[in-house]
Amino acid sequence: MSDVEVPESHPRQESLRTRHRIEAGVEKGITSKQGLIAEGRGEAFDYLLGERTIESADDAERAAAAHLLLARHPVVSVNGNVAALVPEAVVELARVVDGDVEVNIFNRTDERMRAIADHLRDHGATEVKGLDGDARIPGLDHGRAAVDADGIADADVVLVPLEDGDRAEALSNAGKTEIVVDLNPLSRSATTAAVPVVDNIVRAVPNIASHARDLADAPRAELEAIVERFDREAALRAAEATIRGGSLDTRARTDGQYTDD
Ligand code: PTJ
């Protein structure tokens, strides 16, 4: 991808790299044009969060790892933005928790489904679900409802990064334990999730995988205690308070240390 075009010295290097990845995703036919808009929206929230994993998000990421390790059948759902931004991390996370990777996109076309699956295979996935689309999530219109019978339809725990609100709600109504990664703590997806992770996907997925590696040999009782202790309402409140400025400690950026481009 076009990472090389961003000079190491640029103060907004990470953010620019992320943009380049999304742009490259659109050019490769992986990411939708709407994905560009979604990324812009996410960036604004991330800027206000200080472009870091806040403590409550790290707690949520640990709880997410515990849920995925406890699951009978965990599935990591991948859309066009996720595939462009964190393909290796998604494959690695699924490997660590012994789960499946399934492509599930908002605007489903066979061409984009195949492009995303190929991209994930290029980044180490051995099996990618989603292409069959032989089951449905009840309560959604056709394209968005399609899932694999032996994938998301059978899953008990699903990680759905950057999900649209309707589908997040439908998955939750279908009885799945839902882990959502979304930088907007007020979004319907975040407020519906059992575990809302208010963090950038580029930090969240590697950190969930890291917690999962850490907890891989932990007894079930310890994992259950982590799940039990996690307070979703408190995590959402903490993220909102940070965004609204309560504990924002990155004011240096508005003093010119960081510049927008
Ligand atoms: O590939 P598709 O067809 O499935 O489409 C994917 C998008 C993301 C375009 C689609 O699901 C969509 O339109 O989503 P929304 O409704 O725009 O919601 C995206 C949410 O993700 C917003 O709340 C953003 O703040 C958030 N977001 C954007 N970028 C990131 C993010 N959250 C975490 N990390 C990001 N990098």
Side-chain angles (χ1 to χ4, degrees), residues 12 14-54 57 60-61 64 76-87 89-90 101-117 119-120 130 133 137 140-147 152 158-171 178-193 195-208 235-236 239-240 243:
R12 302 203 45 73
E14 257 328 294
S15 163
L16 291 181
R17 279 195 176 153
T18 304
R19 279 191 194 177
H20 279 268
R21 288 199 195 126
I22 288 284
E23 208 183 327
V26 173
E27 278 159 15
K28 276 184 94 171
I30 291 169
T31 310
S32 70
K33 285 186 188 159
Q34 297 219 350
L36 294 168
I37 299 166
E39 172 62 23
R41 186 146 55 136
E43 266 186 28
F45 286 110
D46 203 19
Y47 192 82
L48 294 171
L49 276 171
E51 292 169 337
R52 70 205 154 108
T53 300
I54 60 172
E61 285 156 7
V76 182
S77 177
V78 176
N79 66 17
N81 285 49
V82 176
L85 292 179
V86 281
V90 156
V101 174
E102 176 158 342
V103 183
N104 186 244
I105 57 180
F106 184 74
N107 293 309
R108 188 181 171 111
T109 65
D110 287 345
E111 206 182 357
R112 199 148 72 87
M113 291 292 292
R114 272 198 303 275
I116 295 174
H119 185 68
L120 291 170
I137 310 168
L140 283 178
D141 52 49
H142 182 69
R144 298 186 309 155
V147 289
I152 288 177
V158 193
L159 172 66
V160 279
L162 278 72
E163 187 56 277
D164 78 288
D166 275 6
R167 210 168 31 185
E169 212 161 19
L171 279 169
E178 210 175 355
I179 302 160
V180 162
V181 180
D182 193 325
L183 279 159
N184 178 4
L186 303 174
S187 77
R188 198 136 48 98
S189 322
T191 53
T192 308
V195 182
V197 177
V198 184
D199 199 5
N200 197 314
I201 188 78
V202 301
R203 298 186 298 269
V205 175
N207 200 32
I208 296 171
L236 289 170
E240 189 181 340
I243 286 170

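Atoms within a ligand are numbered from 1 in the order they appear, just like the ligands themselves. Index from 1, following the sequence.
Of the candidates Arg112, Glu39, Arg167, the one placing a heavy atom closest to atom 3 (O) of ligand 1 is Arg112. Between Gly35, Ala190, Gly42, it is Gly42 that holds the heavy atom closest to atom 25 (O) of ligand 1.
Between Asn200 and ligand 1, a contact under 3.5 Å exists for at least one N or O pair. An N or O contact shorter than 3.5 Å links Leu183 to ligand 1 by distance. Among the atoms of Gly80, some N or O lies under 3.5 angstrom from an N or O of ligand 1. Between Phe45 and ligand 1, no N or O atom pair is found at a separation short of 3.5 Å. Between Ile105 and ligand 1, no N or O atom pair is found at a separation short of 3.5 Å. Taking distance alone, with nitrogen or oxygen atoms compared against 3.5 Å, Asp182 approaches ligand 1 more closely than that limit. On a distance-only criterion, Ser187 and ligand 1 share no N/O pair closer than 3.5 Å.
Looking at atom 11 (O) of ligand 1, its nearest protein heavy atom turns out to be Leu162 O, 3.4 Å. Nearest protein heavy-atom contact of atom 13 (O) of ligand 1 is Gln34 OE1, 4.1 Å. Scanning all protein heavy atoms for the shortest distance to atom 16 (O) of ligand 1 gives Arg41 NH2, 3.6 Å. Shortest contact from atom 34 (N) of ligand 1 to any protein heavy atom: Ile201 N, 2.9 Å. Looking only at protein heavy atoms, the nearest one to atom 4 (O) of ligand 1 is Phe106 N, 2.6 Å. Nearest protein neighbour of atom 6 (C) of ligand 1, counting heavy atoms only, is Asn79 ND2, 3.6 Å. Shortest contact from atom 19 (C) of ligand 1 to any protein heavy atom: Ala38 CB, 4.1 Å. If you check which protein heavy atom lies closest to atom 7 (C) of ligand 1, you get Asn81 OD1, 4.3 Å.
A side chain to side chain contact (heavy atoms under 4.5 Å, CB included) with Val181 is found for exactly one of Val160, Leu159, Val195, namely Leu159. Of the candidates Ile105, Val101, Ile30, Val78 forms a side chain to side chain contact (heavy atoms under 4.5 Å, CB included) with just one, namely Val101.
Within 4.0 Å of atom 28 (C) of ligand 1, at least one protein heavy atom is present.
Between Leu171 and Ile137 there is a side-chain heavy-atom pair separated by less than 4.5 Å. By the 4.5 Å heavy-atom criterion applied to side chains, Thr53 and Asn207 are counted as neighbours. Contact of the Asp164 side chain with the Arg144 side chain is registered, since non-hydrogen atoms from C-beta on lie closer than 4.5 Å. Contact of the Arg203 side chain with the Asp46 side chain is registered, since non-hydrogen atoms from C-beta on lie closer than 4.5 Å. Within the 4.5 Å cutoff, side-chain heavy atoms of Ile243 are placed close to those of Phe45. With contacts defined as side-chain heavy-atom distances shorter than 4.5 Å, the pair Ser77/Ile152 qualifies. Contact annotation: the side chain of Ile54 never approaches that of Val198 to less than 4.5 Å [non-hydrogen atoms, C-beta and beyond]. Using a 4.5 Å heavy-atom threshold, the side chains of Arg167 and Asn104 count as touching.
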**Request:** Determine, step by step, whether Leu85 and Glu39 satisfy the side-chain contact (heavy atoms from CB on, under 4.5 Å) criterion, reporting the C-alpha distance in whole Å, the side-chain angles of both residues, the deciding distance to 0.1 Å, and the verdict.
**Result:** CA-CA 10 Å; Leu85 292 179; Glu39 172 62 23; 3.8 Å; yes
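The ligand atoms of ligand 1 that sit less than 4.0 angstrom from a heavy atom of Asn107 are 3 (O).
Side chains of Asn107 and Ser32: a donor-acceptor N/O pair is absent below 3.5 angstrom, by distance only.
The proximity of Val202 to ligand 1, defined as any non-hydrogen pair under 4.0 Å, does not occur for either the backbone or the side chain.
For the ligand labelled ligand 1, residue Asp199 lies inside the 4.0 Å heavy-atom shell.
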